Amino acid sequence: MRRALIDLGTNTFNLLIADVAAHYQIVHQEKNGVALGMGGINQQRIAPDAMERALQALHQFKQRCDALHVESIRAIGTSALRDARNRDAFCALALQQTGIEIEVISGDQEAQLIYEGVRHTHSFERASLIMDIGGGSTELIAVEDGQPLHWKSFDIGVSRMAQSFQVSDPLSATDITQLENYLEMHCLNFLQSVSCSDFIGASGSFETFFELVHEQVYVANGQAQEVSTSHFLEMLEYIIRSTQAERDANDWIIPIRKRMAPFAAVKTRWMIRQLKPQRIFVSPYSLKEGALLSTNSL
């Protein structure tokens with residue numbers, strides 16, 4: 001059966017088309033930097049221009065699905081939509097204009113689907129923590145003996161941070177301290193109960209991190225890839241200290257991440273410092289793969 005999954009993220013809309021039967025085979029993938037949360041996420045609304053960009057992206061995705069003879073489309077809305085007071089109006093308009101029905105899921109459901117995606121790429125031989133950096137939220141899933149023990153969705157996504165803090169270019173020491181204090185306030189209690197030998201970054205920003213470390217396209221073939229901890233931390237330092245102009249000139253950073261990469265890097269570095277993992281991995285799968293592959297799909 002040919003199925004499509006649309007992940008309506010706060011920064012990026014992702015389309016994944018796959019044949020799902022005896023084997024899982026990806027047919028097509030694409031991203032669209034919609035910036036759904038820009039201009040409204042901290043006011044709990046979808047701004048008019050963001051709504052227009054979102055509808056245009058959904059039109060394009062629907063045309064792609066029709067051209068590839070997709071039999072079913074599942075569209076999942078996450079942080080920006082679940083918090084937006086005007087989400088029902090947007091979802092109704094999307095259904096009317098594109099025929100796509102949007103399912104808005106909770107933060108707990110989002111974390112569970114992320115785990116379902118990552119577990120197809122990593123064996124979880126050791127105590128692990130999965131981190132998924134989104135624009136509106138960030139999900140943390142603690143895994144032991146191959147099973148998720150604790151998970152939580154935190155409203156600390158990079159779009160929220162970028163719209164909440166006025167920072168200099170590049171980030172100043174005061175900016176970094178302020179951001180780290182914000183992360184500590186939200187996440188430290190959760191992390192204190194977590195044991196972590198393996199730190200696994202799920203897709204998204206972590207694919208960009210991998211490409212910056214290796215200066216090559218991230219091709220994982222369905223398996224989480226280990227990265228050198230020292231090289232990974234050096235890359236995070238580069239992003240944190242970089243100027244906007246330097247990031248704009250760096251072809252390994254996709255356009256939608258050029259502005260918010262320092263926030264993602266500060267967050268990831270802070271998390272690694274708290275957890276002190278022995279190994280770091282980047283998984284190519286996250287929510288959208290979890291939704292397609294899970295036998296208990298929510």
Side-chain angles (χ1 to χ4, degrees), residues 5-14 31 33-47 50 54 75-87 90-91 102-118 129-143 148 150-165 179-180 182-191 194 199-209 256-257 259-268 270-271 274 283 285-291 298:
L5 193 290
I6 300 173
D7 172 7
L8 287 79
T10 300
N11 281 342
T12 308
F13 281 14
N14 292 276
K31 302 176 185 290
V34 169
L36 184 66
M38 189 58 63
I41 192 169
N42 290 334
Q43 291 75 45
Q44 296 183 304
R45 67 184 181 90
I46 306 300
I76 294 178
T78 55
S79 183
L81 279 176
R82 65 175 164 256
D83 287 354
R85 291 189 296 267
N86 60 342
R87 76 176 189 187
F90 168 74
C91 291
I102 298 170
E103 168 191 359
V104 181
I105 62 174
S106 69
D108 278 353
Q109 289 174 314
E110 184 172 359
Q112 291 172 51
L113 288 176
I114 290 165
Y115 166 74
E116 287 293 336
V118 174
L129 184 99
I130 301 168
M131 180 180 184
D132 185 293
I133 299 174
S137 62
T138 291
E139 282 66 45
L140 302 178
I141 306 104
V143 182
H150 314 287
W151 58 85
K152 189 170 177 62
S153 178
F154 297 89
D155 285 336
I156 56 168
V158 290
S159 183
R160 288 186 195 272
M161 293 174 73
Q163 294 179 69
S164 297
F165 294 93
L179 294 174
E180 290 178 338
Y182 172 83
L183 296 168
E184 181 172 329
M185 178 180 68
H186 283 87
C187 302
L188 193 58
N189 286 343
F190 179 89
L191 295 180
V194 170
F199 177 84
I200 306 160
S203 191
S205 293
F206 288 97
E207 293 183 359
T208 295
F209 291 164
I256 192 64
R257 297 198 180 111
R259 177 187 172 193
M260 299 180 192
F263 296 96
V266 167
K267 185 185 304 186
T268 302
W270 181 85
M271 200 72 60
Q274 304 306 310
S283 171
Y285 290 2
S286 189
L287 181 149
K288 57 187 184 298
E289 291 84 7
L298 302 170

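Remember, it's a predicted structure, so these values are computed and weren't measured experimentally. Heads up: numbering here begins at 1 and tracks the sequence.
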Interatomic distance, [X] atom [atom1] to [Y] atom [atom2] [nearest 0.5 angstrom]:
X	Y	atom1	atom2	result
Y115	I200	OH	CD1	10.0 Å
I130	F199	CD1	CZ	10.5 Å
L140	C187	CG	SG	5.5 Å
Q43	Q163	CD	CD	7.0 Å
T138	K152	OG1	NZ	12.5 Å
I256	T208	CD1	OG1	11.0 Å

Set of residues satisfying ring-ring contact (aromatic ring centres under 6.0 Å, His included) with respect to [X], sequence neighbours excluded:
X	answer
H150	none
F154	F190
F209	F206, F232

**Request:** Give a yes or no answer on whether the side chain of R87 reaches the backbone of A80 with a donor-acceptor pair at less than 3.5 Å.
**Result:** no

**Asked** Ignoring hydrogens and geometry, is there a side-chain-to-backbone donor-acceptor pair from N86 to I46 under 3.5 Å?
**Response**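 Checked: pair present.
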
**Request:** Carefully, step by step, assess L191 and M271 under the rule side-chain contact (heavy atoms from CB on, under 4.5 Å).
**Result:** CA-CA 9 Å; L191 295 180; M271 200 72 60; 3.4 Å; yes

Using the side chain to side chain contact (heavy atoms under 4.5 Å, CB included) criterion, which residues pair with [X]? Sequence neighbours excluded.
X	result
E184	L188, W270
S203	E207, S286, K288
A54	F13, V34, L36, F90
S106	D108, Q109

**Item:** Audit row: I105, L287, side-chain contact (heavy atoms from CB on, under 4.5 Å) steps and yes/no
**Value:** CA-CA 11 Å; I105 62 174; L287 181 149; 4.1 Å; yes

Partners meeting side chain to side chain donor-acceptor pair (under 3.5 Å) with [X] (sequence neighbours left out):
X	result
E139	S137, S153
S205	none
D7	none
T10	none

**Asked** Any chance the rings of Y182 and F165 have centres within less than 6.0 Å?
**Response** yes

Please give me the minimum heavy-atom distance between [X] and [Y], naming the atom from each residue.
X	Y	result
A264	I133	O-CD1, 4.0 Å
A291	I76	CB-CD1, 3.9 Å
R259	A162	NH2-O, 3.7 Å
L8	A75	CD1-CB, 3.8 Å
N11	S159	OD1-CB, 3.6 Å
V158	K267	N-NZ, 3.9 Å

**Message:** Show every salt bridge (charged side-chain N to carboxylate O under 4.0 Å, His left out) that has at least one partner inside residues 154-164, sequence neighbours left out.
**Reply:** D83-R160, D155-R160

